[in-house]
Amino acid sequence: MTLSTPGGTVPGVEPSGFVLEHNQRLSRSLLWSCQRAFYERQGVEAWRRGLLPGFITSNPVIGRAYAQVVLGWMRDWCAASPRESGQPFHLIELGAGSGRFAFHFLEAFRRLHARSRLRDVPFRYVMTDLPERNLEFWLSHPRLQPFLDEGLLDVARFDAEHDEQLVLRRGGTVLAPGTVANPLAVVANYFFDSIPQDAFSVHDGVLHECLVSVSSPGPGPEVEAEDFLEQAAVSFEDHEVRGARYGDAELDGILEDYRERLGDATFLFPSTALRCLRRLQRLSGGRLLLLSGDKGHASQDELSDRSSGVSLVRHGGAFSLMVNYDAIGRYFRLRDGQVLRPIHRHVSLHVGAFLLGQPPDGYGETELAYEEAIERSGPDDYATLLGRMEQYHEEMTLEELLALLRWSGWDSGLLMAIFPSLLPRAEAADEPLRQEVCWAIQQVWEADYPIGGEQDDLAYHLGMLLYVMERPAEALTFFEHSLRQYGEAPGTYYNQGMCHVRLQQDARARECFERALTLDEDFSQAREMLSELQHAPSPSGRGQG
């Protein structure tokens with residue numbers, strides 16, 4: 001994809017090739033219909049195929065951090081403020097995608113909530129998204145069923161560009177202005193970067209709008225085609241803004257402030273996000289917590305950096321933009337709200353908390369929870385340090401690897417990353433350490449949120465760990481999980497056969513080795529084991545890696 005250069009655009013350059021649109025407002029560009037088509041077409045498959053980033057906003061650490069902040073926020077509102085008896089606090093996630101963040105959040109929040117003095121205060125988490133396929137996936141996911149059955153979770157379709165209310169699928173409740181009894185919490189991770197925005201620049205104190213042109217090398221490309229963005233050329237051109245751009249006092253006021261204060265700069269403007277937040281504010285009765293994590297600019301100083309200009313990042317058929325969190329913060333302050341953000345610049349993920357309404361005793365608990373869970377050792381620090389530690393797992397002891405897993409909240413992705421080091425160390429460990437590895441295996445399994453079709457077969461690898469630690473019966477259970485989730489594989493049947501050999505279950509071992517040979521007639525190890533079973537006592541052996 002051809003993009004504008006960071007920090008600005010060149011006026012007067014005509015787009016080349018077949019022009020699909022010329023000098024259009026970015027928020028009205030056909031790029032967004034392409035974006036919608038991608039999400040509708042792919043659904044959860046976009047995460048299965050690894051087309052969209054997910055780990056940094058969908059792991060146990062960020063789930064636990066957000067849970068701490070939300071619980072602190074609920075404490076502030078429940079401390080001295082009257083609330084509607086029996087009515088739940090609603091926690092709404094925008095663009096819940098695969099559902100992995102919701103699972104990690106609910107696992108952490110349910111534990112924290114049950115131990116707190118708010119244990120009798122009901123809550124309901126609402127997962128939302130645009131594609132109907134995603135809602136169907138969540139409603140059928142086994143990891144989410146307990147939360148759905150307990151009434152702690154519901155789902156709703158939500159269009160950030162238009163919707164004023166949410167209709168909950170399981171409970172039938174309609175969340176509309178005037179019907180939501182208690183303050184509202186909203187989570188928006190990797191969301192505002194994927195909905196329509198506008199682009200502007202300031203040169204010598206004059207505000208310009210960066211209008212977009214889209215062209216293709218050939219005629220008549222299908223905008224909804226998966227490879228459309230790979231073929232399209234996108235460019236921007238500055239046009240002076242005369243008068244009020246939006247006809248909206250708040251949005252135009254923020255733009256005017258940028259014109260006066262930024263100096264020469266090019267920046268994105270989250271017009272759709274701000275209008276969406278305005279509707280959510282009405283829904284909440286003016287009592288709102290927004291927790292949002294994304295790549296973006298959190299301050300005027302960051303926006304003033306010329307390198308912050310307009311740059312589209314493509315994700316296999318979709319794209320994303322940086323998020324102007326400074327503008328979102330200004331919007332909240334215009335409405336007498338508060339903004340919590342780290343005092344240091346983020347490396348991978350900016351997580352901000354934005355507050356509207358005022359509990360009688362203020363937001364002391366919210367601020368404390370944010371400081372502890374986000375600012376001091378939050379999701380951004382975790383992602384930054386974890387990336388470095390994963391490069392050096394070969395040098396770590398088993399105790400250090402287990403400490404890393406505990407720190408991650410038993411993240412299955414981390415276990416898969418360190419597995420090559422974990423396996424030989426677990427095999428060589430003494431029994432007390434092996435028991436700790438067994439405990440870790442169970443925790444990782446319970447914390448995993450599978451979405452099907454993923455490249456890494458977690459159950460298979462956990463079975464291998466148990467096998468080399470001489471726990472064949474437990475290993476068999478995980479190899480069975482692997483066969484159910486990933487289908488028949490000769491290596492899995494071979495490993496099951498080896499487990500049966502260790503358990504002195506020769507008949508069942510032969511069945512497994514024969515099945516492995518049926519799937520792969522050249523599987524020499526399975527053939528050798530069949531021969532040994534016919535001529536010798538049951539040997540002990542090692543599984544197929």
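Every value quoted in this text rests on a predicted model; they were computed, and no experiment measured them. Any value given below was found using the heavy atoms of this structure, including those in side chains, with hydrogens, waters and symmetry copies removed.
- Using the six-membered ring where Trp is involved, Phe192 and Tyr325 have ring planes that are perpendicular, over 60° apart on the 30 and 60° scheme.
- Leu334 and Glu250 get closest at one heavy-atom pair: CD1-O, 4.1 Å.
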>> Set out, in order, the CA-CA distance, both residues' side-chain angles and the distance that settles side-chain contact (heavy atoms from CB on, under 4.5 Å) for Arg157 and Leu135, then state yes or no.
In response: CA-CA 7 Å; Arg157 189 177 185 276; Leu135 275 65; 4.0 Å; yes
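- The existence of a salt bridge linking Arg64 and Glu107 is excluded, since no basic side-chain nitrogen approaches an acidic carboxylate oxygen closer than 4.0 Å.
- Under the salt bridge (Lys or Arg N to Asp or Glu O under 4.0 Å) criterion, the residue pairs touching residues 321-331 are Asp257-Arg330, Asp326-Arg330, with sequence neighbours excluded.
- For Arg36, the salt bridge (charged side-chain N to carboxylate O under 4.0 Å, His left out) criterion is met by Asp159, Glu161, not counting sequence neighbours.
- Side-chain N or O atoms of Asp154 include one that pairs as donor or acceptor with a backbone N or O of Arg170 at under 3.5 Å.
- Between the Trp410 side chain and the Glu446 main chain, no donor and acceptor come within less than 3.5 Å of each other.
- Tyr486 meets the ring-ring contact (aromatic ring centres under 6.0 Å, His included) test with no other residue; sequence neighbours excluded.
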> Do Glu136 and Arg133 pass the salt bridge (charged side-chain N to carboxylate O under 4.0 Å, His left out) test, and can you show the C-alpha distance, the side-chain angles, and the key distance before you say yes or no?
Replying inline: CA-CA 5 Å; Glu136 295 169 358; Arg133 296 170 60 188; over 6 Å; no
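- The shortest heavy-atom contact between Leu118 and Cys78 is CD2-CB, 3.8 Å.
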> Stepwise, does the salt bridge (charged side-chain N to carboxylate O under 4.0 Å, His left out) test hold for Glu132 with Arg169?
Replying inline: CA-CA 11 Å; Glu132 192 68 31; Arg169 294 292 173 87; 2.5 Å; yes
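- Distance check: Ser194 OG to Leu130 CG gives 12.0 Å after rounding to the nearest 0.5 Å.
- Checking side-chain atoms of Arg335 against main-chain N and O of Leu356 turns up no donor-acceptor pair under 3.5 Å.
- Using a 30° and 60° split on the angle between ring planes, Phe109 and Phe105 fall in the parallel class, below 30°.
- In terms of modelled atom types and a separation under 3.5 Å, the side chain of Arg143 and the main chain of Asp448 share a donor-acceptor contact.
- Using modelled atom types and a 3.5 Å distance limit, the side chains of Glu21 and Ser29 yield a donor-acceptor pair.
- To the nearest 0.5 angstrom, Tyr363 atom OH is 15.0 Å from Tyr370 atom OH.
- Side-chain N/O atoms of Arg484 and His481 include a donor and acceptor closer than 3.5 Å.
- Relative orientation of the Phe478 and Trp445 rings is perpendicular, given thresholds of 30° and 60° on the angle between their planes.
- We find the NE2-OG distance between His104 and Ser58 to be 7.0 Å, quoted to the nearest 0.5 Å.
- One finds the CG atom of Leu283 at 5.5 Å from the CD1 atom of Ile92 (value rounded to the nearest 0.5 Å).
- The aromatic rings of Phe419 and His461 stand perpendicular to each other, their planes meeting at an angle above 60°, with 30° marking the opposite boundary.
- Under the 30°/60° scheme for interplanar angles, the aromatic rings of Phe200 and Phe269 are found to stand perpendicular.
- Pairing each heavy atom of Val69 with each of Ala373, the nearest pair is CG2-CB, 4.4 Å.
- Without hydrogens or angle criteria, Asn324 side chain to Pro270 main chain gives no donor-acceptor distance under 3.5 Å.
- Applying the salt bridge (charged side-chain N to carboxylate O under 4.0 Å, His left out) rule to Arg376 yields the partners Glu371, Glu372; only residues at least two apart in sequence or on another chain are considered.
- Atom CD of Glu40 is separated from atom CG of Asn134 by 8.5 Å, given to the nearest 0.5 angstrom.
- Residue pairs that meet the salt bridge (Lys or Arg N to Asp or Glu O under 4.0 Å) test with at least one member in residues 180-198, sequence neighbours left out, are Asp193-Lys295, Asp198-Arg245.
- Shown here are the side-chain hydrogen bond (donor to acceptor under 3.5 Å, both in side chains) partners of Glu365, two or more places apart in sequence or in another chain: there are none.
- Side-chain polar atoms of Asn189 and Thr57 form no donor-acceptor pair below 3.5 angstrom.
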